[in-house]
Protein chains: 2
Amino acid sequence: MAKILAQKGSDKKATISRKAASLFRKHGFAQTSMRSLGEHLGVEASSLYNHIGSKNELLQNICFKVANDFMKAWESVDQLPDSIIKKLEKLIRFHIHKMLTDYDEVYVSNHEWKQLQEPYLSNFLHQRRLYEKRLIELVGMGIQTKELKKMDAGVAVFTILSAVRGLELWHSTKNQLTTNQLADQLVDQLLFGLVKKQ
Amino acid sequence: MAKILAQKGSDKKATISRKAASLFRKHGFAQTSMRSLGEHLGVEASSLYNHIGSKNELLQNICFKVANDFMKAWESVDQLPDSIIKKLEKLIRFHIHKMLTDYDEVYVSNHEWKQLQEPYLSNFLHQRRLYEKRLIELVGMGIQTKELKKMDAGVAVFTILSAVRGLELWHSTKNQLTTNQLADQLVDQLLFGLVKKQ
DNA sequence: CCTACCGATCGGTAGG
DNA sequence: CCTACCGATCGGTAGG
């Protein structure tokens, strides 16, 4: 192996974390060995333990970083005096942007959180449920103000979250669209549907 | 362990497969050991090899069964003289129905296919891409006939597939809705959107 | 269907 | 940052 850990001071941990996210996404957390991670960084597995505490700690950092970023996005959208529809649009656009810029981390957070150990597992689930609850309240308000159709707000929110999350499946597909074109269509499709109005 | 493999002739293999699907879904394929599978069936791991060839064979059977079922559903929908919108609705409803009735198998097929070995991996991916291609062609026809909005058909299809697949995330949530109410809302939301018409 | 076992691989530590 | 190593666990086989 020719590669070597970045020399510049304290960013070695960040380098390890980024490579771990990449391998966890490609092969899964359990199927990624510390030996393989070391090999991709040009060191022995045992050397990694000078910079990190454990394999599980790597997963924890990834999952909670992503969860916190989404929570912060919600807070910044919530405090502005936009319409419900505009707030939903902004959140959908943030999900798309986050997925495209931090693909490995978002993917790992979505798929591998089950491998977290207690108390991190409960903590992560609590944070995710809180985020979902806030989105459901937002949609519920939109129904009350008649901006949105009468519907089950929970189903609506999970459908939106599933659709934006689905970007991870074809993120790499050779699609001609720019990020903005992609976001425009997704927002339009989710808010206004596929069928042409008469 | 008190439980024992079903005695009645040749359905032992099916019993093993069902329990494997359940464990693969709950803990993942790699994290499910043959020792654990045996324990849940009341036998030693080594005894399982009298009925199956390998751990990987269990995964192959699950993934290809699901892939074939979706392909058959497409064929049966395709040959009827419905409108494009009606065909899309029927396919969406089949996805929902399949997810709710064969939850473990569909979930495992969606998440664990990466663990298939060659040549099964290539075979599975080929079949999935063919299915997606057919849906994209269907949406493309709908755009041509002006039943559907002008849009990128690939994005539209992946959004639909992601949304119905998202059912797996809240399949168990205490939702008051019946299967039919759920399907009705999902179809309406995907085809006609969230926003109330003026 | 079981006991006994193989070779491989794992996360992590000791000690330098 | 490395060598050397530990105890645990894995999929699978031999032989009955």
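Residue numbers start from 1 in every chain, and the chains themselves are labelled A, B, ... in the order their sequence lines are given, proteins ahead of strands. Excluded from the calculations below are hydrogen atoms, water molecules and symmetry mates; all remaining heavy atoms, backbone and side chain alike, are included. No experiment lies behind these values; they were computed from the predicted model shown.
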Pair B/K149 + A/D188, salt bridge at N-O below 4.0 Å: yes
Nearest-Å distance for atom pair CE/C1', residues A/M34 and D/dC2: 16 Å
Side-chain N or O of A/S47 closer than 4.0 Å to phosphate OP1/OP2 of D/dC2: yes
Distance, rounded to the nearest Å, where B/I52 contributes CD1 and D/dG12 contributes P: 8 Å
Length of the line joining B/F29:CZ and D/dC10:P, which is rounded to integer Å: 13 Å
Residue A/H51, side-chain atoms from C-beta onward, closest of D/dG12, D/dC1, D/dA4: D/dC1
Which nucleotide in C/dG12, D/dG11, C/dC2 has an atom nearest any side-chain atom of A/K55: C/dG12
Presence of salt bridge, A/K86 and A/E147, under 4.0 angstrom: no
Touch class at under 4.0 angstrom, heavy-atom based, for B/T32 against every strand present: sugar-phosphate
Pair B/D184 + B/R93: basic N to acidic O under 4.0 Å: yes
Distance, rounded to the nearest Å, where A/L59 contributes CG and C/dG11 contributes P: 13 Å
Under the 3.5 Å Watson-Crick or G-U criterion, the dot-bracket string of DNA chain D, with | for inter-strand pairs: ||||||||||||||||
Residue A/R35, side-chain heavy atoms: nucleotide from D/dG12, C/dC1, C/dC10 that is nearest: C/dC10
Proximal nucleotide (of D/dG11, D/dC2, C/dC1) relative to the B/N50 side chain: C/dC1
Greater than 12 external heavy atoms within 6.0 Å of A/K114's NZ: yes
Interatomic distance where CD belongs to B/E39 and C1' belongs to D/dG11 [whole Å]: 16 Å
Donor + acceptor pair across side chains of B/Q60, B/Q117 (<3.5 Å): no
Whichever of B/A45 and A/A45 has its nearest DNA chain D nucleotide further upstream toward 5': A/A45
Between C/dT3 (P) and B/Y49 (OH): distance, integer Å: 17 Å
SB check B/K87 B/D82 (cutoff 4.0 Å): no
Presence of B/S46 side-chain N/O under 4.0 Å of C/dC2 phosphate oxygens OP1/OP2: no
Length of the line joining A/L37:CG and C/dG12:C1', which is rounded to integer Å: 14 Å
Flag for A/Q127-A/N68: side-chain donor and acceptor within less than 3.5 Å: yes
Rounded distance in Å - CG (B/N56) to P (D/dC10): 16 Å
Under 4.0 angstrom between B/K12 side-chain N/O and C/dC1 OP1 or OP2: yes
